[in-house]
Engineer: 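Take a look at this one; I'll ask things after.
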Amino acid sequence: MNLLKMSDIAERELYWPWWPYIPGGKVSNIYGDKNVGKTHLAMAVIAGVTGGRALPGRESPNEPIHVLLQTPGDWLNVAKSRLKKCGANCDLIHIAPLELGCQDSDIKNIERIINEIGVIKLFVVDPVDLYLHNADEGECYSYVRRLSCLAALTNCAVVLVGDALPSSVQEIVHSLIIVGPEEGEDKYLRGLSHMTPILGKNMDDYSEDVLFRIHPEEGFQWVGLKSSV
């Protein structure tokens, strides 16, 4: 048996599209009840990282990055409208082939796309529920495990947007971003909280809840870290 030596391991700089919420090389899951703003949040994050703007909790802007988006064809117009309203650089957003699903061959095609383009640092699947339609818990687990390997191999952040994954599947997700309405008079106010089930703990020591608004006329607006509002 030929064993690797540590000197054989290529060094990679750890990249965070949004620290500490979305890590590179790992799988994150944005989830919550229906119509709470999961997709709005995902599009705002994509807009921030492609537009080179600072996301809540970061003092300095990000360098603009390329993003790969996997979404059904009938969602593309809605997604583009939300991205443009949030100030995204659409030239840096690549659309995964519409026929790709969640099978092993599909993940291999995604890996090939990421490697061929060479500059993609964020891969977003929205809504993941559509690709996992009628899948049982074991199939969901296998899908997320394959995506975890994809993230590790490509050093790309993978974000799944949708309803809650089964609890056994959540345990292999590095970062859970839970979205829900905030209490109070502002019916448009939403919040996200963050935990890392794969480590068996939440992230309160160095991540904070983030507030945002989704107004029917004004669109998406970051409010900021909850502690500073």
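Atoms considered below: every heavy atom in the structure, side chains included; atoms not considered: hydrogens, waters and symmetry mates.
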Engineer: Is a donor on one side and an acceptor on the other found under 3.5 Å between the side chain of Gln170 and the backbone of Leu176?
Structural biologist: no
Engineer: If you group Ile, Leu, Val, Met, Phe, Trp and Tyr by side-chain heavy-atom gaps below 4.5 Å, do Val128 and Leu130 land in one group?
Structural biologist: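 In one cluster: no.
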Engineer: Quick one: does any side-chain atom of Asp129 pair with a main-chain N or O of Asp163 as donor and acceptor, under 3.5 Å?
Structural biologist: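 Checking the backbone N and O of Asp163 against the side chain of Asp129, a donor-acceptor pair under 3.5 Å is found.
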Engineer: Would you give the length of the straight line joining atom CG of Leu153 to atom OG of Ser148, rounded to the nearest 0.5 angstrom?
Structural biologist: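 Between atom CG of Leu153 and atom OG of Ser148 there are 9.5 Å.
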Engineer: Is the backbone of Leu4 close enough, under 3.5 Å, to the side chain of Asp8 for a donor and an acceptor to pair up by distance?
Structural biologist: no
Engineer: How close do Pro17 and Gly24 get, heavy atom to heavy atom, and via which atoms?
Structural biologist: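 Of all heavy-atom pairs spanning Pro17 and Gly24, the closest is CD-N, 3.9 Å.
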Engineer: Walk me through whether Thr39 and Val161 qualify under side chain to side chain contact (heavy atoms under 4.5 Å, CB included).
Structural biologist: CA-CA 7 Å; Thr39 292; Val161 185; 4.3 Å; yes
Engineer: Going by heavy atoms in the side chains, are Ile65 and Tyr15 under 4.5 Å from each other?
Structural biologist: yes
Engineer: Check whether any side-chain heavy atom of Val223 sits under 4.5 Å from a side-chain heavy atom of Leu189, and report yes or no.
Structural biologist: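 Contact flag for Val223/Leu189 side chains = yes.
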Engineer: Roughly how far, to the nearest 0.5 Å, is the NE2 atom of His66 from the CG atom of Leu122?
Structural biologist: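 With rounding to 0.5 Å, CG (Leu122) is 12.5 Å from NE2 (His66).
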Engineer: Do the non-hydrogen side-chain atoms of Ile107 and Gln103 ever get within less than 4.5 Å of each other?
Structural biologist: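 No, every pair of side-chain atoms sits at 4.5 Å or beyond.
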Engineer: Are any of the side-chain heavy atoms of Val36 and Pro181 separated by less than 4.5 Å?
Structural biologist: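 Yes, their side chains come closer than 4.5 Å.
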Engineer: Checking Arg53 side chain against Thr50 main chain: does a donor-acceptor pair fall under 3.5 Å?
Structural biologist: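 Checked: no pair found.
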Engineer: Taking the six-membered ring for Trp, are His40 and Phe220 parallel (under 30°), tilted (30 to 60°) or perpendicular (over 60°)?
Structural biologist: parallel
Engineer: Counting only heavy atoms not in Asp74 (residues, nucleotides, ligands), do more than 12 fall under 6.0 Å from its CG?
Structural biologist: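 Yes, enclosed.
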Engineer: Would you mind reporting whether Ile46 and Ile93 have side-chain heavy atoms less than 4.5 Å apart?
Structural biologist: yes
Engineer: Under 4.5 Å between any side-chain heavy atoms of Arg190 and Leu211, yes or no?
Structural biologist: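 A side-chain contact under 4.5 Å is absent here.
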Engineer: To the nearest 0.5 Å, what is the distance between CD (Glu111) and CG (Asp106)?
Structural biologist: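 Answer for the CD-CG pair, Glu111 versus Asp106, is 13.0 Å.
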Engineer: Should the heavy atoms of other residues, nucleotides or ligands under 6.0 Å from CD of Glu99 be counted, would the total exceed 12?
Structural biologist: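 Check passes, neighbour count above 12.
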Engineer: Closer than 4.0 angstrom, basic N to acidic O: yes or no for Lys38 and Asp33?
Structural biologist: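 Here Lys38 does not pair with Asp33 in a salt bridge, since their nearest N and O are not under 4.0 Å apart.
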Engineer: Does any N or O in the side chain of Thr71 come within less than 3.5 Å of the main-chain N or O of Leu76, such that one atom is a donor and the other an acceptor?
Structural biologist: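 No.
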Engineer: Taking everything shown except Asp136 itself, do over 12 heavy atoms lie less than 6.0 Å from its CG?
Structural biologist: yes
Engineer: Measuring only between side-chain heavy atoms, which start at C-beta, is His94 closer than 4.5 Å to Ile120?
Structural biologist: yes
Engineer: Are any of the side-chain heavy atoms of Ile177 and Asn29 separated by less than 4.5 Å?
Structural biologist: no
Engineer: Tell me whether Val49 is reachable from Ile95 by hopping between hydrophobic residues (I, L, V, M, F, W, Y) whose side-chain heavy atoms are closer than 4.5 Å.
Structural biologist: yes
Engineer: Using only heavy-atom distances, determine whether the side chains of Ser168 and Glu137 contain a donor-acceptor pair under 3.5 Å.
Structural biologist: yes
Engineer: With distance as the sole test, does Tyr21 use its side chain to make a donor-acceptor pair with the main-chain N or O of Glu208 at under 3.5 Å?
Structural biologist: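 Indeed, once roles are kept as given, a pair shorter than 3.5 Å links the two residues.
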Engineer: Check whether Arg213 reaches the backbone of Asp186 with its side chain - one donor and one acceptor, N or O, closer than 3.5 Å.
Structural biologist: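 Judged by distance alone, no pair lies under 3.5 Å.
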Engineer: Does Asn155 reach the main-chain N or O of Ala151 with its side chain, forming a donor-acceptor pair under 3.5 Å?
Structural biologist: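 Such a contact is absent between Asn155 side chain and Ala151 backbone.
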Engineer: Is there a donor-acceptor contact under 3.5 Å from the side chain of Gln70 to the main chain of Gly101?
Structural biologist: yes
Engineer: Nearest 0.5 Å, what's the CG-CH2 distance between Asn62 and Trp16?
Structural biologist: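 Going from the CG atom of Asn62 to the CH2 atom of Trp16 covers 13.0 Å.
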Engineer: For the pair Trp18 (side chain) and Gly57 (backbone), establish whether a donor and an acceptor sit closer than 3.5 Å, ignoring hydrogens and angles.
Structural biologist: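 Such a contact is absent between Trp18 side chain and Gly57 backbone.
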Engineer: Cluster question for you: counting only ILVMFWY and a side-chain heavy-atom cut-off of under 4.5 Å, with indirect links fine, are Tyr131 and Trp75 together?
Structural biologist: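 Hydrophobic grouping puts Tyr131 apart from Trp75.
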Engineer: How many angstroms lie between atom CD1 of Ile110 and atom SG of Cys102, to the nearest 0.5 angstrom?
Structural biologist: 11.5 Å
Engineer: Looking only at side chains, do His194 and Ser175 share a donor and an acceptor under 3.5 Å apart?
Structural biologist: yes
